[in-house]
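Every chain is numbered from 1, with letters handed out A, B, ... down the list of sequences.
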Amino acid sequence: MPAADPVARLAAELSDAVGAAVELERPSDPAHGDYATNAALRLAPQRRQAPRELAEEIAAAAAAVPAVERAEIAGPGFVNLWLTDAWLADALGAIIEQGRDFGAGEPARRERIQVEMVSANPTGPITVASARNGAYGDSVARLLEYAGHQVEREYYYNDSGAQMGKFRASVEARRQGEEPPDDGYRGAYVDELAASDEDPVPRMLEQIERTLDRFRVHFDSWALQSRLEGRLGEFLPRLDTYEKDGAVWARSSKYGDDADRVLIRSPAQGGGPTYRAADVVYLADKLERGFDRAIYVLGADHHGTRNWYTAVARMLDYDPERIEVLLYQLVHLTSGGQQRKMSKRRGDVVFLEEFMDEVGVDAARWYLVNRGPDQTIEIDVDLAAERSQKNPVYYVQYAHARIAGILRNASRQSGDAQLPGQPLEAEERELIKRLLEFPVVAAEATERRGPQAVPVYAIRVADDFHRFYHEHRVLGSDAEAFRLALVRATQNVIARSLDLVGVEAPERM
RNA sequence: GCGCCUGUAGCUCAGCGGAAGAGCGACGGCCUUCUAAGCCGUUGGUCGGAGGUUCGAAUCCUCCCAGGCGCACCA
């Protein structure tokens, strides 16, 4: 929103002055000004004009805008802009005014969105692999909320399939003092469950919810496969199906899936509904509950089901655009130089509880969302624990805590973005410009479903802050009021950035 | 064989149409001053390879090479 984003407002002002769309970007080289625009290069073809010549005109028009101190042409037709201190001070004032909401979105259409995530079957504790699902999905959910949408988080689990049977059988075997079946589950947690006579499934679910709460992933609702598959009859007539080999098949290949899929097993295979049958009901159920958009967060090992979901949507005559499948690559853990296999059934696995114990909740969230979803994550568990002091998450948190320290010691309660009676220092200008990037960072991270951009940005903010802090005093300086405002705005942006990825912003460290 | 993902500095990775980056590692500096979990400097790259599109490609397209994950009447 231009009104809330000073850079967008400036771009609009420049567009008016120039008579064409001007987009601003921050050049990587400080010698190229505070902002730069490639408008001349974009416009040259359609105006049939030499880019440099057009750049001359744009630079002249831009120079007439009060915020612009100087405009220069560079390279093939870039226009580099230097802005006045007054504009930067105004911009800081706008950030302060918006407080913790700086960078929040106001969507043209507010959507009601469901993010279904984790959804691990309750056959064991949450693993680090599932934790990535939660860290990623929850951060996307937080971003969507910050962008102004209404978001609900749901956990879906299979309480009726073959894996559940194997799980219960494994626990029962331990109760009898026997080894679990070959294709069953084993590990210390199975023995623990066997020590009690209760049904292990509800106990496992409670444990999963507790673990995820600690991980700061909180669910609004839980969906059970057993309740959904019973309603298959309602939807079967709406599907394109046929019978073959005694089974009922969905003609999904006709709707974009790679193959047809069995919905109801042949009598020879037991005759019950497959998990895909429950998928059909669940998808329809989501959309009929009124969600404009249903987001599935799935590990890369499930990527084959992406086309299946859109095929189901088409068969049921829903707009497939309402279904969104987000995939993330897997997590590999190494320990003592050895790769650890992530197999729940073998019990040879790193659980999230264990991981949080070792590296802390903040570092755990950070590690699992700090990389793009398409990137396989390699984590050396020993190193992650051992090096926790060097983790970038502490670097960012430290900036927040340092600011809290300044504000604790300050005699006045609030800063004032009025220009001090001296030119802005280079570190002040850099920090303000960095803060001004936040609305775009948040918006793009949301749009691309790429929350990793937020922690990456937070490091840059901390970077600019620590440099400023090292060079200039806040309290007792001639620019104290201005710097208090700057520092408070920085604290807000850091706190918000951390919150968007589920990391806490400490007052002291 | 087919599909999805990946290949950027020694290592782990950002960047995904505009002027090659960070952290860690290595080496060398900076604490009577609001938290040194900090700051500064040095070291480091045919952005997997070959074509193509473009004024401009790490970024888009095609092919090739290498790796990961899938391709059930399991979830």
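At whole-Å resolution of the value, NE2 in H332(A) and C1' in rU6(B) are 12 Å apart. Rounded to whole angstrom, the span from the CG atom of L24(A) across to the P atom of rG18(B) amounts to 15 Å. Rounded to an integer number of Å, the gap from CD of E427(A) to C1' of rG38(B) is 15 Å. Here the P atom of nucleotide rA37(B) and the CG atom of N391(A) are 15 Å apart, to the nearest Å. Atom-to-atom, CG of L54(A) to C1' of rC55(B) comes out at 13 Å; the value is rounded to the nearest Å. Between the CZ atom of R434(A) and the P atom of rG21(B) there is a distance of 13 Å, given to the nearest Å. The distance from atom CD1 of I459(A) to atom P of rG15(B) is 12 Å, rounded to the nearest whole Å. Rounded to whole angstrom, the span from the OH atom of Y469(A) across to the C1' atom of rA37(B) amounts to 12 Å.
A donor-acceptor distance shorter than 3.5 angstrom exists from the side chain of D29(A) to the backbone of A31(A), with no hydrogens or angles considered. Between the R496(A) side chain and the Q491(A) main chain, no donor and acceptor come within less than 3.5 Å of each other.
With values rounded to the nearest 0.5 angstrom, S411(A) atom OG is found 8.0 Å from L484(A) atom CG.
Between S160(A) and E229(A), the side chains place a donor N or O and an acceptor N or O closer than 3.5 Å (distance only, hydrogens not considered). In this structure, a donor-acceptor pair under 3.5 Å is present between the side chains of H472(A) and E427(A).
Neither OP1 nor OP2 of rC34(B) sits under 4.0 Å from any side-chain N or O of R408(A). Distances shown here put a side-chain N or O of R402(A) below 4.0 Å from the OP1 or OP2 atom of rA36(B). Taking only side-chain nitrogens and oxygens, R467(A) comes nearer than 4.0 Å to OP1 or OP2 of rC40(B). Close to rC39(B), at under 4.0 Å from its OP1 or OP2, lies a side-chain N or O of Y395(A).
H466(A) comes within 4.0 angstrom of the backbone, heavy atoms only, and of no base. At a threshold of 4.0 angstrom between heavy atoms, the contacts of H472(A) include nucleobase atoms, whether or not backbone atoms are also involved. Within the 4.0 angstrom heavy-atom criterion, no nucleotide atom of any strand lies near R306(A). Among the protein residues, A399(A) comes within range of no part of the nucleic acid, since none of its heavy atoms lies under 4.0 Å from any strand.
Between W249(A) and Y242(A), the ring-plane angle classifies as parallel under the 30° and 60° cut-offs. Ring geometry for F219(A) versus Y155(A): interplanar angle over 60°, hence perpendicular rather than tilted (30 to 60°).
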Q. What string of B, S and - do you get for nucleotides 9-14 of chain B, 5' to 3', if B is base contact, S is sugar-phosphate-only contact and - is no contact with any protein heavy atom under 4.0 Å?
A. ---SSS
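Distances were taken from every side-chain heavy atom of N80(A) (C-beta onward) to each of rC39(B), rC69(B), rA19(B); the shortest belongs to rA19(B). Nearest nucleotide to the side chain of D301(A), out of rC4(B), rG23(B), rC69(B): rC69(B).
Both tests pass for K286(A) against the ring of Y296(A): distance under 6.0 Å to the centre and angle within 45° of the axis.
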(Q) I'd like to know whether Y395(A) forms a ring-ring contact (aromatic ring centres under 6.0 Å, His included) with H466(A), so could you lay out the CA-CA distance, the side-chain angles of the two residues, the decisive distance to 0.1 Å, and finally the verdict. (A) CA-CA 9 Å; Y395(A) 179 76; H466(A) 284 308; 4.7 Å; yes
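Under the salt bridge (charged side-chain N to carboxylate O under 4.0 Å, His left out) criterion, the residue pairs touching residues 430-440 of chain A are R26(A)-E430(A), R26(A)-E437(A), D34(A)-K433(A), E430(A)-K433(A), R434(A)-E437(A), R434(A)-D464(A), with sequence neighbours excluded.
Across the P atoms, rC40(B) and rG23(B) are found 9 Å apart, a figure rounded to whole Å. Across rC65(B) and rA50(B), the matching P atoms stand 15 Å from one another, rounded to whole Å.
Glycosidic conformation of rC55(B) is anti; the angle lies outside 90° of 0.
Using a 4.0 Å cut-off on heavy atoms, the residues of residues 249-262 of chain A that approach RNA chain B are W249(A), V262(A), listed by number.
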